[in-house]
Protein chains: 2
Amino acid sequence: MSGVRAQQKQKTRQALIEAAFNQLSAEHSFSNLSLREVAREAGIAPTSFYRHFKDMNELGLTMVDEAGLTLRQLMRQARRRIASGGSVIITSVETFMEFIDTSSNQFRLLLRERSGTSKAFRAAVAREIKHFILELAHYLESETPCDKQHAYMQAEAMVTLVFNAGAEALDQDAQQRAELTERLIWQLRYIARGANHYGS
Amino acid sequence: MSGVRAQQKQKTRQALIEAAFNQLSAEHSFSNLSLREVAREAGIAPTSFYRHFKDMNELGLTMVDEAGLTLRQLMRQARRRIASGGSVIITSVETFMEFIDTSSNQFRLLLRERSGTSKAFRAAVAREIKHFILELAHYLESETPCDKQHAYMQAEAMVTLVFNAGAEALDQDAQQRAELTERLIWQLRYIARGANHYGS
DNA sequence: AATTTCAGCGTACACTTGTACGCTAAAATA
DNA sequence: TATTTTAGCGTACAAGTGTACGCTGAAATT
């Protein structure tokens, strides 16, 4: 196992994934990608693609997983920052905005495939987001005076708003983003306040 | 003017638009549509398409306008229902869910192109949504004890949640939708409560 | 050392796509 | 009535797509 051979295979597999991410942009969505172009950028022949993925679909699902992983890692980092004494809401929002900024193509993938044309894709993205919501709900339940049900609904609403703000931020400059972020923070406060009122 | 000729032209133009809407579905987004297929379903030769639209893009923007119009008409109807004594939140949500149900392809277009690959599309959808938000903000400002700024942020948050719930509802059966709707209504209450607290 | 496995290649094929070009017939205009 | 306008058609073409098939050489296994 893990010989020169398998190692090289893993390498070009990753090259395919990275090539595909590279080709995502504001003007290019996953469904616009062609197998041939991805293979070209990865430096292999079109037909060699099949040695790694059965389908473009399979590649895509792998990419969703990878983007989800990135997101989860980032939020773990956010939790560390919170533990060492930051505001929950502000730190989370800032961290998420960093994700939009540094991994915009990964975010774009999640954003678009959430309402894309493949049920499997939509399900995969929904799973990632649900993970996110559950984590936040768990936190809210233990740290605030809040019913379990209300904690979940609160978390769901918050994640929805953050995610959507991220989507808007993609098209904006620094100035607009700052305003957007400020509004978002207010909106999260509304929810926190409302949920605590109803859920205790 | 308005002779037999112009009338017929208008008719096939509408046929193109309807053909395109028909071809949208859970598995087929606008960017997957091909000029030829749309022309085929509309019953004209591919090259005749250009007599009506310069581009598939131009068709798409027209479709966004049409979907926005449908939405606006529906919400006007909602306002009438509210005026004759319904709960604001519940009536609005129900009306919106009807829109998802009866015009799902129009909704799908707005939903997807909001984060699609064409800046013009994104802007067009954003415009429709903003219109929506402003209307709601105006209402909230006059009917609840709420700062102008807070009214806007409240409206924005509410519209975001409703829109997103609609997106989720697309993949769900009646049972799940009912649960989703119930959660959504709670979440809107959170926001209303929170905004009224901060904005007065 | 002999054999098997398999990542990557090149060729080939059947399709689909957008659109340029010129024609036709009927409606509109003069 | 004679002329112009134009919605719609058919042909044609270059470009791009996914993928079937068989080969090769080097790594892995026996």
Side-chain angles (χ1 to χ4, degrees), chain A residues 1-25 27-63 112-113 116-121, chain B residues 1-25 27-63 112-113 116-121:
Chain A
M1 320 285 176
S2 132
V4 177
R5 190 135 185 182
Q7 218 169 337
Q8 177 56 30
K9 179 167 184 180
Q10 187 55 32
K11 211 169 158 186
T12 71
R13 183 190 151 98
Q14 203 55 38
L16 281 168
I17 295 174
E18 267 163 38
F21 268 124
N22 261 337
Q23 295 187 3
L24 294 183
S25 71
E27 295 79 23
H28 234 79
S29 79
F30 179 79
S31 66
N32 299 144
L33 298 190
S34 88
L35 184 154
R36 289 176 101 106
E37 272 189 33
V38 170
R40 196 177 307 136
E41 176 154 343
I44 64 171
T47 49
S48 300
F49 179 94
Y50 298 104
R51 301 291 182 197
H52 303 273
F53 302 98
K54 155 178 162 285
D55 231 21
M56 280 295 282
N57 251 5
E58 204 174 283
L59 205 209
L61 289 174
T62 307
M63 290 167 76
R112 287 179 177 148
E113 298 313 321
T117 52
S118 152
K119 193 154 192 168
F121 273 60
Chain B
M1 317 289 176
S2 132
V4 177
R5 192 136 185 185
Q7 217 168 337
Q8 177 57 30
K9 178 165 185 181
Q10 186 57 32
K11 212 169 157 187
T12 72
R13 184 190 151 98
Q14 203 55 38
L16 281 168
I17 295 175
E18 266 162 39
F21 268 123
N22 262 336
Q23 295 187 1
L24 294 182
S25 71
E27 297 78 22
H28 233 80
S29 79
F30 179 78
S31 67
N32 299 143
L33 299 189
S34 89
L35 185 152
R36 288 175 100 105
E37 273 190 31
V38 171
R40 197 175 306 138
E41 175 154 344
I44 64 170
T47 48
S48 299
F49 179 94
Y50 299 105
R51 302 290 182 198
H52 303 272
F53 302 98
K54 153 176 162 286
D55 229 22
M56 278 296 282
N57 251 6
E58 205 175 283
L59 206 209
L61 289 174
T62 306
M63 290 167 75
R112 288 180 176 145
E113 298 312 321
T117 52
S118 153
K119 194 154 192 169
F121 274 60

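Numbered from 1 within each chain, the chains take letters A, B, ... in sequence-line order. Quick caveat: nothing in here was measured; it's all calculated off a predicted structure.
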_So which atom in A:A19 and which in A:E41 form the shortest heavy-atom distance, rounded to 0.1 Å?_
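For A:A19 and A:E41, the tightest heavy-atom pair comes out as CB-CG, 3.7 Å.
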
*Measure across B:S31 and A:S31 and return the closest heavy-atom pair with its distance rounded to 0.1 Å.*
OG-OG, 4.0 Å

Can you identify which nucleotide, out of [options], has its nearest atom closest to the [X] side chain?
X: A:K9; options: C:dA7, D:dT11, D:dC21; answer: C:dA7
X: B:E37; options: C:dG8, C:dA27, C:dT17; answer: C:dT17
X: B:R36; options: D:dA12, D:dG8, D:dA20; answer: D:dA12
X: A:R5; options: D:dG18, C:dC9, C:dT5; answer: C:dT5

*Nearest nucleotide by nearest heavy atom, which residue falls closer to the 5' end of DNA chain D, B:G43 or A:P46?*
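Nearest-nucleotide comparison on DNA chain D picks B:G43.
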
*Pick the nucleotide of DNA chain D nearest each of A:L35 and B:R51; which residue has the one closer to the 5' end?*
B:R51

*Using atom types as modelled and distance alone, determine if a side-chain donor or acceptor of B:Q23 lies under 3.5 Å from a backbone N or O of B:L33.*
no

Please give, in whole Å, the distance from [N] [atom2] to [X] [atom1]?
X: A:F53; N: C:dA7; atom1: CZ; atom2: P; result: 13 Å
X: B:E58; N: C:dG18; atom1: CD; atom2: C1'; result: 16 Å
X: A:N57; N: D:dG18; atom1: CG; atom2: P; result: 12 Å
X: A:F49; N: D:dT17; atom1: CZ; atom2: P; result: 13 Å
X: A:N32; N: D:dT17; atom1: CG; atom2: P; result: 12 Å
X: A:L16; N: C:dG8; atom1: CG; atom2: P; result: 9 Å
X: B:R40; N: C:dC15; atom1: CZ; atom2: P; result: 14 Å
X: A:I44; N: D:dT19; atom1: CD1; atom2: P; result: 14 Å

*Given side chains that start at C-beta, do those of B:I17 and B:F53 come closer than 4.5 Å, heavy atoms only?*
yes

*asked:* So B:M56 and B:V38, do their side chains get closer than 4.5 Å, heavy atoms only?
replied: yes

*Return yes if the base of D:dG18 and the side-chain atoms of A:T47 contain a donor-acceptor N/O pair under 3.5 Å, otherwise no.*
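By the distance-only test, no, there is no pair.
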
*Describe the nucleic acid contact of B:Q10 in one word from base, sugar-phosphate, nothing, applying a heavy-atom distance below 4.0 Å.*
nothing

*If you look at every strand shown and take non-hydrogen atoms under 4.0 Å, does A:S34 touch a base, only sugar-phosphate, or nothing?*
sugar-phosphate

*Answer yes or no: does a side-chain N or O of B:S48 lie under 4.0 Å from OP1 or OP2 of D:dA7?*
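The answer is no; no side-chain N or O of B:S48 sits under 4.0 Å from OP1 or OP2.
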
_Side-chain N or O of B:T12 versus OP1/OP2 of D:dG8: is the shortest distance under 4.0 Å?_
yes

*Map B:K54 and A:Q8 onto DNA chain C by nearest heavy atom, then report which one ends up closer to the 5' terminus.*
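Nearest nucleotide further toward 5': that of A:Q8.
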
